[in-house]
Amino acid sequence: PLSSGLLKKIGEHDIDIIHTHCPLISGYIARMLRETTSAPIILTYHTKYDIDIANNVKMKGLQETAIKWLMANICACDDVWVVSKGAGENLRGLGFDGEYTVVENGVDFAKGMAPQDEIKNISREYGLMEEDVRVFMFAGRMMWYKGLRLIIDALSRIKSQGCRFKMVFVGSGVEEDEIKKYAKRCGIFSDCVFTGAIGDREKLRAFYSRADLFLFPSTFDTNGIVVREAAACALASVLIEGSCAAEGVTDQKNGYLIKEDAVFLAKI
């Protein structure tokens with residue numbers, strides 16, 4: 001971001017609006033770019049950065065410094081958008097007292113399930129052909145704060161009760177190996193499919209269309225796009241009641257809301 005040629009290269013374009021999705025490095029670049037273009041900055045705030053900072057910076061003093069820098073970049077923007085009411089509350093909790101606009105995420109999927117041929121292709125490729133076996137799905141970064149321990153614990157419970165299933169984890173992340181080890185320790189690794197990151201949008205749509213339930217017990221996410229992707233494919237999500245991801249969802253009408261406990265997820 002401190003490259004001497006970067007701003008010059010970006011500034012060669014006819015810029016009307018600067019839109020940043022991160023109030024850290026790209027927010028800093030946006031502020032520098034505004035000085036040369038006079039274009040207004042719009043920030044979309046969609047991540048609980050205080051949690052990310054706390055997870056990655058252990059020294060309290062450095063955490064406070066990082067938050068101050070983050071807030072300086074946010075307050076310097078001409079307009080602030082948030083992706084959910086919960087994201088706005090998180091922003092207020094960091095000390096932001098300006099105005100913001102709630103603009104929810106959308107998705108690029110066509111409404112409706114994927115073609116049957118594509119569903120059959122991923123079913124053959126990933127061992128999901130048995131029709132009497134329930135298929136559950138998660139999509140996102142493979143990080144513990146996405147609620148993955150809760151998913152594994154719940155699936156371990158239902159397996160001990162004789163339920164047959166396949167759990168499809170779509171995504172990658174630095175904690176993926178730990179998550180796989182935990183699935184082995186809980187005795188469900190053989191019932192899981194770890195696909196890694198999938199960039200093919202139609203293939204991802206086929207996974208949503210094949211699954212019976214989308215499991216997303218995350219209290220970290222502010223407005224999970226994956227929940228809307230699932231909904232576009234007529235796939236219901238299981239979410240934590242009161243979480244940002246659950247905004248707009250009514251229990252047993254357009255999704256399932258549970259307490260943040262593996263026992264409740266297992267009951268679904």
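All residue numbers in this chain count up from 1 along the given sequence. Nothing here was measured: the structure is a model prediction, and the numbers come from that model.
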Practice item. Apply the test side-chain contact (heavy atoms from CB on, under 4.5 Å) to residues Cys22 and Tyr49: give CA-CA distance (whole Å), side-chain angles for both, the deciding distance (0.1 Å), then the verdict. Key: CA-CA 9 Å; Cys22 175; Tyr49 287 98; 3.8 Å; yes

Exercise for review: Report the C-alpha separation of Leu213 and Met137 in whole Å, then their side-chain angles, then the decisive distance to 0.1 Å, and conclude whether the side-chain contact (heavy atoms from CB on, under 4.5 Å) test is met.
Suggested key: CA-CA 6 Å; Leu213 274 178; Met137 177 183 171; over 6 Å; no

Practice item. Determine, stepwise, if the pair Glu175 / Met142 fulfils side-chain contact (heavy atoms from CB on, under 4.5 Å). Key: CA-CA 6 Å; Glu175 293 174 337; Met142 297 297 287; 5.9 Å; no

Check your understanding: Where do Val83 and Val102 land on the side-chain contact (heavy atoms from CB on, under 4.5 Å) test, with the steps shown first?
Key -> CA-CA 6 Å; Val83 295; Val102 178; over 6 Å; no

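Minimum heavy-atom separation, Val82 to Ala87: CB-CB, 4.1 Å. Of all the heavy atoms in Ala262 and Ala154, the pair that sits closest is O-CB, 3.5 Å. Closest approach of Gly255 to Val249, counting heavy atoms only: CA-CG1, 3.8 Å. The shortest heavy-atom contact between Glu118 and Ala206 is O-CB, 3.8 Å. Between Ile74 and Val80 the shortest heavy-atom distance is O-CG2, 4.0 Å. Counting all heavy atoms, side chain and backbone alike, Val263 lies closest to Asp261 at N-OD1, 2.8 Å.
Between Phe138 and Met167, the closest side-chain pair of non-hydrogen atoms falls below 4.5 Å. In this structure, the side chains of Ile179 and Asp177 stay at 4.5 Å or more apart for every pair of heavy atoms. Between Phe165 and Asp212 there is no side-chain heavy-atom pair separated by less than 4.5 Å. Within the 4.5 Å cutoff, no side-chain heavy atoms of Lys85 are placed close to those of Cys244. With a 4.5 Å cut-off on side-chain heavy atoms, Thr20 and Thr44 do not count as touching. Ile53 places a side-chain heavy atom less than 4.5 Å from the side chain of Leu70. Looking at heavy atoms from C-beta onward, Ile119 lies in side-chain contact with Ser123 at the 4.5 angstrom threshold. Between Pro40 and Asp79 the shortest side-chain heavy-atom distance does not fall below 4.5 Å.
A donor-acceptor contact shorter than 3.5 Å links the side chain of Ser209 to the backbone of Ala114. In this structure a side-chain-to-backbone donor-acceptor pair under 3.5 Å is missing from Asp191 to Lys166. Not one N or O on the side chain of Arg210 forms a donor-acceptor pair closer than 3.5 Å with the backbone of Ile122.
Chaining together hydrophobic side chains whose heavy atoms lie under 4.5 Å apart places Val103 alongside Ile17, Ile42, Trp81.
In Glu12, the CD atom is crowded: over 12 heavy atoms of neighbouring residues, nucleotides or ligands sit closer than 6.0 Å. Dense packing is recorded around NZ of Lys203, with more than 12 heavy atoms of other residues, nucleotides or ligands lying under 6.0 Å away. Remark: Arg134 CZ is loosely packed, at most 12 non-hydrogen atoms of other residues, nucleotides or ligands lying under 6.0 Å away.
Criterion: ILVMFWY side-chain heavy atoms under 4.5 Å apart, direct or through other members. Under it, Ile25 and Met32 are part of a common hydrophobic cluster. Grouping the Ile, Leu, Val, Met, Phe, Trp and Tyr side chains by contacts below 4.5 angstrom, directly or via other members, places Phe264 with Leu257. Hydrophobic clustering (ILVMFWY, side-chain heavy atoms < 4.5 Å, transitive): Tyr145 and Val170 are in distinct clusters. Note on Phe220 and Val238: separate hydrophobic clusters, where clusters join Ile, Leu, Val, Met, Phe, Trp and Tyr whose side-chain heavy atoms are under 4.5 Å apart, directly or indirectly. Cluster annotation: Leu6 is connected to Leu24 through the hydrophobic network of ILVMFWY side chains, with a link wherever side-chain heavy atoms come within less than 4.5 Å.
Legend: residues meeting ring-ring contact (aromatic ring centres under 6.0 Å, His included) with Tyr126, ordered by chain and number and at least two apart, are Phe207. Scanning for ring-ring contact (aromatic ring centres under 6.0 Å, His included) contacts around Trp144 gives Tyr182, with sequence neighbours left out. Judged as a side-chain hydrogen bond (donor to acceptor under 3.5 Å, both in side chains), and not counting sequence neighbours, Lys120 has no contacts. Remark: Lys180 engages Glu176, Phe189, Phe194 in a side chain to side chain contact (heavy atoms under 4.5 Å, CB included) (not counting sequence neighbours). A search for ring-ring contact (aromatic ring centres under 6.0 Å, His included) contacts involving Phe109 returns Tyr208, not counting sequence neighbours. Partners of Asn121 by side-chain hydrogen bond (donor to acceptor under 3.5 Å, both in side chains), not counting sequence neighbours, listed by chain and number: Arg124. With sequence neighbours left out, Cys163 forms a side chain to side chain contact (heavy atoms under 4.5 Å, CB included) with Ile158. With sequence neighbours left out, Tyr256 forms a ring-ring contact (aromatic ring centres under 6.0 Å, His included) with no residue at all.
Considering CG of Leu265 and CD1 of Ile258, their distance stands at 4.5 Å, rounded to 0.5 Å. A distance of 9.5 Å separates CZ of Arg185 from CD of Glu178, quoted to the nearest 0.5 Å. Within the model, atoms CG of Leu150 and CG of Leu215 stand 9.5 Å from one another, a figure rounded to the nearest 0.5 Å. A distance of 3.5 Å separates CZ in Arg34 from CD1 in Ile41, rounded to the nearest 0.5 Å. Asp16 contributes atom CG, which lies 5.5 Å from atom CG of Asp14 (distance to the nearest 0.5 angstrom). For the atom pair Ile198 CD1 and Thr195 OG1, the distance stands at 3.5 Å (nearest 0.5 Å).
With 3.5 Å as the limit, one finds no donor-acceptor pair spanning the side chains of Ser26 and His21. Under 3.5 Å, the side chains of Ser218 and Asp221 contain a donor-acceptor pair of N or O atoms.
Sequence neighbours left out, the pairs with a member in residues 59-74 that pass side-chain hydrogen bond (donor to acceptor under 3.5 Å, both in side chains) are Arg31-Asn73. Under the side-chain hydrogen bond (donor to acceptor under 3.5 Å, both in side chains) criterion, the residue pairs touching residues 89-105 are Tyr45-Asn90, Asp50-Asn90, Asn105-Asn223, with sequence neighbours excluded. Listed by first and then second residue, the side-chain hydrogen bond (donor to acceptor under 3.5 Å, both in side chains) pairs that reach into residues 233-246 are Glu241-Lys259, sequence neighbours excluded.
Using a cutoff of 4.0 Å between basic side-chain nitrogens and carboxylate oxygens, Glu229 and Arg205 are not scored as salt-bridged.
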